[in-house]
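Just so it is clear, the values below take in all heavy atoms, side chains as well, and ignore hydrogens, waters and symmetry mates. Since we're looking at a predicted model, the values are computed, not measured. So that the names make sense, note that chain A is the first sequence line, chain B the second, and so on, each numbered from 1.
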Amino acid sequence: MSGGRRREASIAHVDLDAMFAAVEQRDKVSLRGRPVVVGGVAGRGVVATASYEARQFGARSAMPTAEARRRCPSGTAFLAPRFAAYRKTSEVVMAVLAELSPLVEQVSIDEAYLDLAAAGHHDLTVGGVTALAEQARREIAAATGGVTASIGIGTSKLVAKIGSDLNKPNGLTVVAPGDEQAVLHPLPVTRLPGVGPATAERLRRSGLHTIGDLARVDRSDLIDWFGQAHGAGLYRLARAEDDRAVVGEREAKSVSAEETFEFDLTDRGRLNHEIDLLATRVGSRLRAGGLSARTVTIKVRHHDFTTITRSATRAQPTDDPRLVAQFARTLLAEIDTSAGIRLLGVGATTLADFVQDDLFGSTVTATPDTFATSGAHHRPADHEEGSPPTAPGRPTPPAATDWRPGQDVRHDNHGSGWVWGSGRGVVTVRFEGPSTPPGPVRTFAVDDPALHPSDPPDWTNTPPVAAPA
DNA sequence: TCTGGGGTCCTAGGACCC
DNA sequence: TCTGGGGTCCTAGGACCC
């Protein structure tokens, strides 16, 4: 047999159709049947998902939202994503899938592979898995209140994945064992997972357009063109050789946060402050996940879109947002930012699933350290220069006294907000949208989740609290 | 109103070690 | 006395995915 591949079509790929837009249309009746675009709605935003109605006008994922606005008629809804709602819907779908097989690999918020053989009791004939998938699609739509799924089933992940794409939306494709190459070969190479713009262009220059064309190329040529891993991988995929297993849980290898600014930034103080905010998000997520990291990476996108990264690795792992921020600042200090910075990012890698106890205690042995300013014995005082002015300690959210006038509280597609004033238990914030003048001053309780950079809050529904004295 | 944000994997060179 | 050779770690960048 050609490569590792099972005899029965027992791997399913489930893909929710235009999920973000579908959830919005489910939750708001007036959006049904109308073009809906979900994504960054600010100046530099891009489309995350376009509903099928919006796709008719040419709106596509990853397209600048401004371009989608030009293409779509008035009456099109442009919405900022509500990740919390999508996550809930995703959980509902995954629960349905878990009933079908004990082996489910969730690849993203709207996609999963199932190993139907792992259940042990399914009829794995083409007829059997077809009936199973039809039932799954009905159950998904019912459980989610109308969000539909497309399903592909085949002898491998590759075939299942390509199959789920063939009959979108709300479709089912079962590729019978033995039919794999016949299904794959007429398709354009861009349908193969791992073939993006660069690979497609290189293949096009050699006159190769379909997967069938690709299957006629020597393995050694592909390795010359694309390197060992990618070249050999393409060679196998073109032959439908794919023995990747469906795997359950995978451990995170990195945690990162980044932000594109409405306007390029040059001010050092402001950049340092943004780094602090990003590092605080990363550190908080490390802690929430019980992780610590040895390597901190910053990402800098210049005004001209050139992007660089700088990283440094320490001997000891940390999950302290203040320390992550300090590393990140040190890395940023080496970079010329005078021409304008479009994006900043902070990432943490070399993750360990334990937290170094007493990292700063006197019992810790001194270790060679990359950073002169962050030796292992050095514990930054709360408001010492070099530590973020508002970094929350272990208990979040921050105490009322951590909010200071002038401090940025969040930046997202709704615009920027900064603290206007604060008092006992409350903080007042003013927001400025990308295309709107500064909005009214709003007042929040300090533990209001709307103040934290997780999901874009619906400000209009945030209950008012008493203004500070 | 060109080009988001969160990830994964691979490559390649240099340091360092045996 | 002229380049060994393999393995691992670190860093930077790039392709790709959703």
Side-chain angles (χ1 to χ4, degrees), chain A residues 13 15-20 37-49 60-71 78 80-81 83 86-87 90 106-112 157 161 164-165 190-202 223 225-234 244 250-264 278 281-282 285 294-315 331 334-335 342-351 368 370 411-413 434-435 453-456:
Chain A
H13 181 255
D15 197 346
L16 302 178
D17 302 315
M19 185 213 194
F20 294 3
V37 173
V38 181
V41 294
R44 287 173 166 176
V46 299
V47 175
T49 306
R60 292 283 182 277
S61 291
M63 170 185 283
T65 302
E67 172 71 17
R69 284 189 201 276
R70 260 178 256 122
R71 291 176 181 240
F78 289 86
F83 284 105
Y86 312 149
R87 235 173 271 128
S90 180
Q106 182 170 1
V107 236
S108 72
I109 196 166
D110 65 349
E111 246 184 80
K157 280 184 163 179
K161 166 98 175 154
S164 71
D165 222 29
T190 48
R191 293 289 192 105
L192 286 177
V195 175
T199 303
E201 172 58 20
R202 177 64 189 82
I223 290 174
W225 296 347
F226 300 113
Q228 178 62 45
H230 194 204
L234 288 174
R244 290 173 297 163
R250 277 183 294 188
E251 287 185 2
K253 301 208 159 136
S254 67
V255 173
S256 67
E258 64 184 54
E259 170 127 4
T260 295
F261 308 113
E262 272 321 303
F263 306 97
D264 296 347
L278 293 164
R281 281 161 64 181
V282 169
R285 282 168 54 201
R294 287 178 52 226
T295 306
V296 171
T297 303
I298 66 163
K299 175 172 168 182
V300 176
R301 178 117 75 209
H302 295 287
H303 68 289
D304 62 355
F305 219 74
T306 57
T307 307
I308 62 171
T309 61
R310 292 293 179 267
S311 68
T313 301
R314 284 172 38 99
L331 291 167
E334 305 293 314
I335 294 168
R342 176 188 179 93
L343 168 149
L344 279 181
V346 173
T349 53
T350 330
L351 300 185
T370 315
H411 301 268
D412 61 16
N413 293 330
S435 56
S454 50
D455 290 337

OP1 or OP2 of [N] sitting under 4.0 Å from any side-chain N/O of [X]?
X	N	answer
A:Arg70	B:dC2	no
A:Thr307	C:dG13	no
A:Thr297	C:dA12	no
A:Arg202	C:dA15	no
A:Arg294	C:dC10	yes

Whole-Å distance separating the [atom1] atom of [X] from the [atom2] atom of [N]:
X	N	atom1	atom2	result
A:Lys299	B:dG5	NZ	P	9 Å
A:Leu351	B:dG7	CG	P	10 Å
A:Asp110	C:dC18	CG	P	9 Å
A:Gln106	B:dG7	CD	C1'	14 Å
A:Arg314	C:dC10	CZ	C1'	16 Å
A:Leu343	B:dG6	CG	P	9 Å
A:Arg342	B:dC2	CZ	P	9 Å
A:Arg44	B:dC2	CZ	P	8 Å

*Same-atom distance (P) from C:dG4 to B:dG13, integer angstrom*: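 Between the two P atoms, the distance is 16 Å.
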*Should A:Ser90 and A:Gln106 count as side-chain neighbours, where that means a heavy-atom distance under 4.5 Å?*
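A side-chain contact under 4.5 Å exists here.
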Flag, side chain of [X] to backbone of [Y], donor-acceptor distance under 3.5 Å:
X	Y	answer
A:Arg250	A:Val107	no
A:Arg44	A:Phe261	yes
A:Thr307	A:Phe305	yes

Mind checking [X] for me? I need base, sugar-phosphate or nothing, with any heavy atom below 4.0 Å counting as a touch.
X	value
A:Val195	sugar-phosphate
A:Ile298	nothing
A:Glu111	sugar-phosphate

Nearest to the [X] side chain among [options], which nucleotide is it?
X	options	result
A:Ser108	B:dG4, B:dG7, C:dC18	C:dC18
A:Ser256	B:dG7, B:dG5, B:dC9	B:dG7
A:Thr199	C:dC16, B:dT1, B:dG5	C:dC16
A:Arg281	B:dG6, C:dT11, B:dG7	B:dG6
A:Thr313	B:dT1, B:dG4, C:dC10	C:dC10
A:Ala198	C:dC17, C:dT11, C:dC16	C:dC16
A:Pro197	C:dC16, C:dT11, B:dG4	C:dC16
A:Ala229	B:dG5, C:dC17, B:dC10	B:dC10
A:Thr295	B:dT3, C:dT11, B:dG4	C:dT11
A:Glu259	B:dG5, B:dC9, B:dT3	B:dG5

*Map A:Phe305 and A:Lys253 onto DNA chain B by nearest heavy atom, then report which one ends up closer to the 5' terminus.*
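The residue whose closest nucleotide sits nearer the 5' end is A:Phe305.
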*Take A:Val255 and A:Ala48, find for each the nucleotide of DNA chain B with the closest heavy atom, and name the residue whose nucleotide sits nearer the 5' end.*
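Nearer the 5' end of the strand: A:Ala48.
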*Should the pair A:Phe20 and A:Tyr86 be assigned to parallel (<30°), tilted (30 to 60°) or perpendicular (>60°) ring geometry?*
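The arrangement is parallel - the two ring planes meet at less than 30°.
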*So, is B:dT1 syn or anti if syn means the angle is within 90° of 0?*
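Base orientation relative to the sugar is syn.
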_Within 90° of 0 counts as syn, otherwise anti: where does B:dC2 fall?_
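Because its glycosidic torsion lies within 90° of 0, B:dC2 adopts the syn conformation.
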*asked:* Checking base pairs now: Watson-Crick or wobble, both atom distances under 3.5 Å. What partners C:dG14?
replied: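 In the structure as shown, C:dG14 has B:dC9 as its Watson-Crick or wobble partner.
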*Are more than 12 heavy atoms from other residues, nucleotides or ligands located less than 6.0 Å from atom CD of A:Glu251?*
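Not buried by this count: 12 neighbours or fewer within 6.0 Å.
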_Donor + acceptor pair across side chains of A:Ser164, A:Glu111 (<3.5 Å)_ =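 A:Glu111 and A:Ser164 do not have a side-chain donor-acceptor pair below 3.5 Å.
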